[in-house]
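Chain A is the first sequence line, chain B the second, and so forth, proteins listed ahead of strands; every chain is numbered from 1. Only this structure's heavy atoms are used, side chains among them; waters, hydrogens and symmetry mates stay out. What you see is a predicted model, and the numbers here were worked out from it, not measured in a lab.
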Number of protein chains: 2
Amino acid sequence: MNQDSILRSLVANNLVSDPSGARGRLLREAARLFRDKGYERTTVRDLAAAVGIQSGSLFHHFRTKEEILKAVMVETIRLNTALMQAAVDSAPSSRDKLQALIRAELESINGQTGEAMAVLVFEWRSLSEESQAYVLELRDIYEQLWLDVLQALRREGVLVADPFVVRRMLTGALSWTVTWYRSGGGLTLDDLTQQVVAMMGLTTPER
Amino acid sequence: MNQDSILRSLVANNLVSDPSGARGRLLREAARLFRDKGYERTTVRDLAAAVGIQSGSLFHHFRTKEEILKAVMVETIRLNTALMQAAVDSAPSSRDKLQALIRAELESINGQTGEAMAVLVFEWRSLSEESQAYVLELRDIYEQLWLDVLQALRREGVLVADPFVVRRMLTGALSWTVTWYRSGGGLTLDDLTQQVVAMMGLTTPER
DNA sequence: TTACAAACCAAGCGCTTGCTTGGTATTGTC
DNA sequence: GACAATACCAAGCAAGCGCTTGGTTTGTAA
C-alpha cells in the first residue's frame with residue numbers, strides 16, 4: 001500500500017474528502033491559511049476568497065467556521081493514522097517499526113499534509129470542547145500505534161526510558177521541525193530520521 | 001546568584017517589570033490569559049477585568065494590545081536568558097552545563113514563567129513583523145548559550161550529532177512538556193532532566 | 001424541455017472588537 | 001497645601017466579524 005492508494009481508499013470510504021473536489025480544495029486552503037495566519041486571524045472572507053466564492057457561500061458547505069477547523073483536523077488524523085499503520089506493518093522488527101514511524105511522521109509534518117499538521121498542533125485551543133473530545137479519541141488510536149512499538153522495544157531491553165515520556169519527547173521534537181526544517185537545504189528527511197534515531201541510542205549495529 | 005536576586009537585578013535595570021507593580025501584575029495576568037485562551041480570543045476587556053480596571057484604562061499603560069503581547073515575550077526572554085547564563089556559569093564541565101541548561105529550561109517552561117513561555121511558543125504569529133524581528137534578536141542571544149555548550153561537547157567528542165539539529169530537537173521536546181507535564185505526579189523535573197540526558201546517551205559515567 | 005436540487009451571489013444584520021475621548025480621582029513633590 | 005503628573009472611569013465610535021437571508025445560476029437526469 002503506497003501513500004496514494006491509502007488516500008484513495010479513505011476517500012472511497014468517505015473518511016477523507018477528495019482533494020480535487022470542492023470540499024477538499026477548501027480544506028487544503030483552510031489548512032494553509034490557518035497555519036500562516038492562525039485560525040482566529042483568518043476570516044471567513046479569507047477562506048472564501050481562497051477558493052473563489054463569496055463568504056456567505058461557505059456556509060452552504062459548513063455550518064460554522066469552527067466546523068472547517070474540525071474537518072481539517074479530523075481528516076488529517078484519519079489520513080495519518082492510516083499512513084502510520086502502513087509504516088508499522090511494513091517494518092519487520094520493533095526497531096525498524098520505530099524508525100519507520102519517525103520517518104513517516106517527519107514526512108507528514110514536513111510534506112504535503114504539513115500545513116494541516118501544524119494546524120493540529122497550534123490551533124488546538126480554537127476547537128470547541130466537544131470537537132476537542134472527538135479529535136482526542138481519534139488521536140488516541142494514533143498514539144497507541146507509537147506506544148505499542150515503544151513498549152515492545154522496552155520489553156526487548158532496547159529502550160530504557162519510559163515509553164510514555166519518550167513518545168511525548170518525540171512528539172515535541174518532531175512537531176517542532178515544522179518551524180525550522182526546510183527540504184532542499186542539504187538535510188534530507190532521511191538524514192533527520194537518522195539523527196533522531198542516533199540521539200536515542202538506537203543506531204543499527206552495522207552502522 | 002539565585003533566581004530571586006537575578007530577577008531583582010533585572011528589575012533594578014528596568015529590563016523586567018516589578019512583578020508586584022501594576023505593570024508587572026498585568027503582564028502576569030496577560031500571560032495566563034494568552035496561554036489559556038490564546039491572544040486573539042483574549043479581549044482587552046478580559047485583560048482589564050483581570051487586574052480590576054476598565055478596558056480603556058489599559059491604554060494608559062500600553063499603546064496597543066499587541067504591545068502587551070510583545071512585553072510579555074520580551075521580558076520573559078530577558079529573564080530566562082539571565083537564568084540560563086547563571087546555570088551555565090555555575091556548572092564546571094560542558095556535560096554539566098548542558099544538564100544545567102536542560103534543567104533550567106524545564107523549570108522555566110513548567111515553573112513560574114511557564115505561562116509566559118507557552119505564550120512565546122504558541123502566540124508567535126500574533127506579533128507584528130517588527131516585534132518579531134526584535135524578539136528574534138533577543139532569542140538569538142539565548143540560543144547562543146545553548147549552541148556554545150553543544151559545540152563544546154561536539155569538540156570534546158561527547159556529542160556526535162549536529163549541534164544545531166540537537167538544539168532544535170531539544171527545543172521542541174522541552175517546549176512540548178508544557179502540554180502534558182504536571183508536577184506532583186510522581187515525575188519530578190529532575191527525573192525528566194535525567195530522562196532527557198539519558199535519551200541523548202549523555203548519562204554520567206558513574207551511573 | 002422540464003423539473004429539481006445543489007451551488008453560489010449580493011446585501012446586510014447584529015454583535016464584538018480595539019481603541020479614543022473628555023473628564024475625574026489619586027498620588028508624589030516642594 | 002498647592003500643583004502637576006499619573007492613574008483611572010464612563011461612554012461610545014468605527015471597523016470588522018461570523019453568519020443569515022432571499023434570490024439567481026448551474027449541473028443532472030428523465
Side-chain angles (χ1 to χ4, degrees), chain A residues 11 14 17-73 119 123 125-132, chain B residues 11-12 14 17-73 119 123-132:
Chain A
V11 170
N14 270 327
S17 304
D18 186 345
S20 60
R23 185 184 157 102
R25 282 211 332 278
L26 171 63
L27 289 182
R28 198 173 58 235
E29 291 298 320
R32 190 178 55 80
L33 285 166
F34 289 163
R35 188 201 55 174
D36 290 348
K37 314 178 32 165
Y39 171 78
E40 298 289 343
R41 294 179 101 90
T42 303
T43 69
V44 293
R45 289 165 179 81
D46 291 334
L47 292 168
V51 290
I53 59 175
Q54 291 296 106
S55 67
S57 308
L58 269 187
F59 296 89
H60 184 73
H61 301 277
F62 297 90
R63 270 176 307 179
T64 63
K65 181 188 170 189
E66 193 229 341
E67 202 172 281
I68 299 175
L69 177 62
K70 181 179 174 183
V72 167
M73 294 189 172
V119 171
E123 304 299 337
R125 281 169 315 181
S126 296
L127 271 189
S128 69
E129 289 206 16
E130 304 88 61
S131 301
Q132 282 191 17
Chain B
V11 170
N14 270 326
S17 304
D18 186 344
S20 61
R23 185 185 156 100
R25 281 212 330 280
L26 171 63
L27 290 181
R28 198 174 58 236
E29 291 297 321
R32 190 178 55 79
L33 285 166
F34 289 163
R35 188 201 56 174
D36 290 348
K37 313 179 31 166
Y39 172 77
E40 298 289 344
R41 293 179 104 91
T42 304
T43 69
V44 293
R45 287 163 180 84
D46 292 333
L47 292 168
V51 290
I53 60 175
Q54 291 295 107
S55 67
S57 307
L58 270 187
F59 296 88
H60 185 75
H61 301 277
F62 298 89
R63 270 175 309 177
T64 63
K65 180 188 171 190
E66 193 229 341
E67 202 172 282
I68 299 175
L69 177 62
K70 181 181 175 182
V72 167
M73 293 188 173
V119 171
E123 304 299 335
W124 180 252
R125 281 168 314 180
S126 296
L127 271 190
S128 69
E129 289 205 17
E130 305 87 63
S131 300
Q132 281 191 16

Nucleotide dG18(D), atom C1' - distance to CD of E40(B) in whole Å: 15 Å
Over all heavy atoms of both residues, which pair between P19(A) and R28(A) is shortest? Give the atoms and the distance, please. O-NH1, 3.4 Å
State whether H61(A) places a side-chain N or O below 4.0 Å from either non-bridging phosphate oxygen (OP1 or OP2) of dA6(C). no
Whole angstroms only, please: what is the CZ-P distance between R23(A) and dA6(C)? 15 Å
Could you tell me whether T64(B) contacts a base, only the sugar-phosphate backbone, or nothing, with contacts defined as non-hydrogen atoms closer than 4.0 Å? sugar-phosphate
Round to a whole Å and report the spacing from CD1 of I53(B) to P of dC9(D). 6 Å
Using the side-chain contact (heavy atoms from CB on, under 4.5 Å) rule, take I68(B) and V44(B) through it: C-alpha gap first, then chi angles, then the decisive distance, then the call. CA-CA 10 Å; I68(B) 299 175; V44(B) 293; 5.9 Å; no
Interatomic distance where NE2 belongs to H60(A) and P belongs to dC8(C) [whole Å]: 7 Å
Nearest nucleotide by nearest heavy atom, which residue falls closer to the 5' end of DNA chain D, S57(A) or T43(A)? T43(A)
Measure from CG on L58(A) to P on dG18(D) and round the result to the nearest Å. 10 Å
Given the structure, check if the side chain of R45(A) and the base of dG16(D) hold any donor-acceptor pair shorter than 3.5 Å. no
Side chain of Q54(B) only, heavy atoms from C-beta on: which candidate in dA10(D), dA7(D), dG18(C) is closest? dA10(D)
Rounded off to whole Å, could you give me the CZ-to-C1' distance for the F59(B) and dG12(D) pair? 14 Å
Distance in angstrom units between L26(B) CG and dC8(D) P, rounded: 10 Å
Tell me whether K70(B) forms a cation-pi arrangement with F62(B), defined as NZ or CZ under 6.0 Å from the six-membered ring centre and within 45 degrees of its axis. no
Could you state the atom-to-atom distance from CG of D46(B) to P of dC19(C) in whole Å? 14 Å
What do the steps show when you test E29(A) against L47(A) for side-chain contact (heavy atoms from CB on, under 4.5 Å), and what is the final call? CA-CA 7 Å; E29(A) 291 298 320; L47(A) 292 168; over 6 Å; no
